Enquirer: 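To start, I am sharing the structure in question, which I have written as structure tokens.
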Amino acid sequence: MSKPRVAFFSFSSCEGCQLVVLTLEEQLLELVTLIDIASFREAMSEKSDDYDIAFVEGSITRTSEIERLRTIRERAKIVIALGACATIGGINCLKNQFEMEEVQNIVYGKMAEKFDTIPTRPIEAVIKVDHWIHGCPIDKDEFIEVTKALLLDKKPRIPAHPVCVECQMRENVCLFEKGMVCLGPVTRAGCKAICPTYNDGCVGCRGLIEDPNLSSHKNLLNEHGLTVDEAISQYMLFGGNSKEKYE
Amino acid sequence: MKDVLIKGKDLSAFCHNLQDSFIVYGVREKEEGHFIFDEIDEFSDSLEKYKPTILPPKKYLFPQQETLLRFDTEPHLEIKSVVESKKQVLFGVRPCDIHGIGLLDKIFTSDNEDSNYLRKRADTLIIGMDCMEPCYEHAHCASVGCLDIDDGYDIMMTDIGGVFFTTVKTPQGEEIVKKYVEYTIAGEEESERFLKLRSDRKGRFDNKIETEVSNLPLFFKNADNDPVWKELDERCLGCGRCNIVCPTCYCFDVYDCMDLTMTSGERCREWDACTLKDFAAVSTGENFRSTRGLRLRHRFNRKFNYLMTKYNTSFCVGCGRCTRSCPVNIDVIETVNAVINNHNNNHERE
Ligand code: SF4
Ligand code: SF4
Ligand code: SF4
Ligand code: SF4
Ligand code: SF4
């Protein structure tokens, strides 16, 4: 079997998820015995348009990005959304709460007319996506899990349950019991509950679970002192692309 | 061995000495008012009054994640079972948790023998610490018959005022008492004081369940359409915490994890939880319990009906952990009583 050719692409993002891939170090060396890397701007200068698997990082925020993304889809057999920007639109969706013209003016000032901008969307709003690696940034182990699953032609084992499961397995004291708030009960796990483990509320970077009980969770946030608007603004940090789900 | 007395001040040395031959797990205050079982090298007095730990000590017999076997596909398929186990002592386990372990013993031996659990269990000594009053507002051990306990431990210590009246149940228990701690044989006066204290405590543990616990399967058999499940469906977040913290939940998921060589790997298991959506989903896409309410109904039936009928004992040991952990205050006792009351009201109407 010839080694699959893998390429990494970046759209609107901080490129932190690609950086996570680079920090795999030893595992990365093992990985490159199984795959050929065709394109990885953060790691190497050569690039090629011949690839089987495309990892796509970043959200779509400009019209020019749409065309570029479609080309990637045409060339790749498998497309994987890499990180929150690509999977759910991510923090870039904060922009969607404003009029686009206003955003252009704030960011580019006098130059505003020279730069187009569109409401932020995850890549699946533009092309078909085969797999999702969630998180801001992604979890190393999950990246490895998905890559191995692809090589074995198996379904990756990605949790569908909320962060609370991992949090409780680590025997953390729940933040709600300490007067803090947390989006863990409605957010997809896989990060090993890293934020609550370090005493910080989950802000939902991995996106909603499939059937979140948002009305009950909103009540819970209210009981812990958040107004409705404050609760919504918590959700909007990462959930801006699907505002209607939260209302 | 006769009952013995161990002085409170000697517990620390006991703990310390045990470390010659065992890993000793005891209670540590992780954050103010929140306790966990952890490897300890000292026994701290303040912990005599600890509330149930966040996770029960079952994690040392049936860990959150565990490797079951290792396989290699090259040069030819080779499979080896993996059982990781070390001699361990669980120090200061409460009656509810001892009951919990007793129930897991039944589960992991009755239909299939679970060699990983059984090996760990055989390597484990349990030093119990009795409770003289309810540890916190969610405790309902006495209501489900899990406070008084005469089995399931190696030794059991009861504070009878500065000194621990200690019942030695097993030969292994006898060995550790003789080898690792200073003790004296209990006299008649102490035995009487112990019995009196034990009978006096009854008045401090009220019965919180509004029926005989043995009636519960009957109530639950008829509770499939109880309105309480609808109400819980609206409130429950499906977060799984009530399962994860429960000393008698034992469901797990099995999965394979390949090494990066792609020729070898491990088969592992991880705790699962019946309140999670995926739990009863099958590969054709159906889900037998698609709503949170149905899933909670199932969880309650497991504790108070299905397993209770099969093994003739409550599968809730009354630790109150699920109630304490539930972010939206779904209370095990309130729910059980709602089922009882709705049933009784229905009958009056008929
Ligand atoms: S801290 Fe957050 S993630 Fe952890 S158990 Fe509490 S709500 Fe769930
Ligand atoms: S705890 Fe929440 S915000 Fe933090 S990494 Fe996990 S999903 Fe993201
Ligand atoms: S059901 Fe709740 S109270 Fe009963 S044993 Fe489980 S966690 Fe404890
Ligand atoms: S629930 Fe009962 S047996 Fe368990 S620690 Fe509390 S008082 Fe003791
Ligand atoms: S802990 Fe509460 S909210 Fe979470 S699954 Fe259990 S009952 Fe539902």
Side-chain angles (χ1 to χ4, degrees), chain A residues 1 24 26-35 141 144-145 147-149 151-152 154-178 181-187 189 192 199 209-221 223-224, chain B residues 28-38 53-56 59 63-65 232-246 253-262 265 268 270-273 275-279 281 283 287 290-293 321 324-330:
Chain A
M1 186 183 87
L24 287 169
E26 271 165 41
Q27 284 165 304
L28 194 59
L29 292 178
E30 280 189 75
L31 259 184
V32 293
T33 65
L34 304 166
I35 57 174
D141 296 334
I144 299 270
E145 164 65 22
T147 308
K148 284 191 296 194
L151 293 171
L152 293 165
K154 276 178 60 176
K155 192 170 166 254
R157 185 172 185 264
I158 301 290
H161 53 247
V163 175
C164 293
V165 173
E166 294 177 332
C167 189
Q168 199 69 80
M169 282 201 207
R170 292 185 74 161
E171 229 170 348
N172 292 330
V173 177
C174 178
L175 298 176
F176 282 110
E177 292 176 47
K178 299 197 271 188
V181 296
C182 183
L183 303 195
V186 293
T187 303
K192 309 173 186 89
N199 214 24
I209 51 170
E210 211 181 292
D211 67 335
N213 189 345
L214 282 163
S215 71
S216 179
H217 186 250
K218 242 182 265 171
N219 284 340
L220 179 63
L221 295 182
E223 278 160 26
H224 282 77
Chain B
R28 181 164 77 73
E29 192 164 16
K30 185 177 186 185
E31 288 179 38
E32 209 194 328
H34 300 276
F35 299 87
I36 60 168
F37 268 95
D38 203 355
T53 46
I54 300 177
L55 293 181
K59 65 182 180 179
Q64 292 93 321
Q65 290 91 14
L232 296 189
D233 183 58
E234 280 160 23
R235 239 160 84 207
C236 174
L237 297 163
C239 72
R241 288 179 65 196
C242 48
N243 289 119
I244 300 294
V245 299
C246 180
D253 185 25
V254 175
Y255 58 96
D256 288 343
C257 187
M258 287 302 268
D259 300 332
L260 265 177
T261 57
M262 297 307 239
C268 305
E270 180 175 45
W271 290 356
D272 205 344
T275 52
L276 301 176
K277 181 154 192 211
D278 270 13
F279 187 87
S283 57
N287 192 324
S290 56
T291 67
R292 287 175 286 266
R321 285 181 175 95
R324 174 180 62 192
S325 309
C326 179
V328 291
N329 304 323
I330 291 173

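Keep in mind the model is a prediction, meaning the values are calculated, not measured. Below, read A as the first sequence line, B as the second, and so on, with proteins coming before strands; counting in each chain starts at 1.
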Enquirer: If you count heavy-atom pairs within less than 4.5 Å of chain A, which of B/E32, B/Q65, B/E234 leads?
Expert: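 The candidate making the most pairs under 4.5 Å is B/E234.
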
Enquirer: For B/I244, is there any backbone N or O sitting under 3.5 Å from a side-chain donor or acceptor partner on A/Q168?
Expert: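 Looks like no, no N/O pair under 3.5 Å.
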
Enquirer: In terms of heavy-atom proximity below 4.5 Å to chain A, should B/N243 be classed as side chain, backbone, both, or neither?
Expert: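 For B/N243, no heavy atom lies under 4.5 Å from chain A.
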
Enquirer: Nearest 0.5 Å, please: how far is NE2 in A/H161 from OG1 in B/T275?
Expert: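 Spacing of OG1 (B/T275) from NE2 (A/H161) equals 11.0 Å.
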
Enquirer: Please step through side chain to side chain contact (heavy atoms under 4.5 Å, CB included) for the pair B/V328 and A/E223, ending with a clear verdict.
Expert: CA-CA 10 Å; B/V328 291; A/E223 278 160 26; over 6 Å; no

Enquirer: Report which part of A/N219 has an atom under 4.5 Å of a heavy atom belonging to chain B: side chain, backbone, both, or neither.
Expert: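 Neither part, no heavy atoms under 4.5 Å.
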
Enquirer: Which heavy-atom pair separates B/P327 from A/L220 by the least distance, and what is that distance?
Expert: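 Of all heavy-atom pairs spanning B/P327 and A/L220, the closest is O-CD1, 3.1 Å.
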
Enquirer: Let me know which of B/K30, B/R321, B/K59 forms a salt bridge (charged side-chain N to carboxylate O under 4.0 Å, His left out) with A/E171.
Expert: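 Output: one option passes, namely B/K59.
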
Enquirer: What is the distance from atom NE2 of B/H34 to atom CG of A/N172, rounded to the nearest 0.5 Å?
Expert: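 Between atom NE2 of B/H34 and atom CG of A/N172 there are 11.5 Å.
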
Enquirer: Can you confirm whether B/R292 sits close enough to A/D211 that some side-chain heavy atom of one is under 4.5 Å from a side-chain heavy atom of the other?
Expert: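 Counting from C-beta outward, B/R292 and A/D211 do come under 4.5 Å.
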
Enquirer: Would you mind reporting whether B/C239 and A/N213 have side-chain heavy atoms less than 4.5 Å apart?
Expert: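 Result no, sub-4.5 Å side-chain heavy-atom pair not found.
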
Enquirer: Which heavy-atom pair separates B/M262 from A/K148 by the least distance, and what is that distance?
Expert: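 Looking at all heavy atoms of both residues, the closest pair is CE-O, 3.5 Å.
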
Enquirer: Within the supplied structure, the quantity of interest is the number of heavy atoms (other residues, nucleotides, ligands) at a distance under 6.0 Å from B/E29 CD; does it exceed 12?
Expert: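 Yes.
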
Enquirer: Between A/P162, A/P212, A/A160, which shows the greatest number of heavy-atom pairs under 4.5 Å with chain B?
Expert: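 Greatest number of close heavy-atom pairs with chain B: A/P162.
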
Enquirer: Counting only non-hydrogen atoms closer than 4.5 Å, does B/D38 touch chain A with its backbone (N, CA, C, O), its side chain (CB onward), both, or neither?
Expert: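 Contact with chain A involves no heavy atom of B/D38 at all.
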
Enquirer: Within this structure, what is the CG-CD1 distance for the pair B/L260 and A/I144, rounded to the nearest 0.5 Å?
Expert: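 Rounded to the nearest 0.5 Å, the CG-CD1 separation comes to 5.0 Å.
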
Enquirer: Give the member of B/K277, B/R241, B/Q64 that has the highest number of heavy-atom pairs under 4.5 Å with chain A.
Expert: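 Looking at each option in turn, the highest pair count goes to B/R241.
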
Enquirer: Tell me, for A/P159 versus chain B, whether the close heavy atoms (under 4.5 Å) come from the side chain, the backbone, both or neither.
Expert: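 Nothing of A/P159, per the 4.5 Å heavy-atom cut-off to chain B.
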
Enquirer: Quick one: what part of A/E145 sits under 4.5 Å from any heavy atom of chain B, side chain, backbone, both or neither?
Expert: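 The answer is neither part of A/E145.
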
Enquirer: Less than 4.5 Å apart, side chain to side chain, heavy atoms only: is that true for A/V165 and B/E270?
Expert: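 The answer is no, as the side chains (C-beta and beyond) never meet within the 4.5 Å cut-off.
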
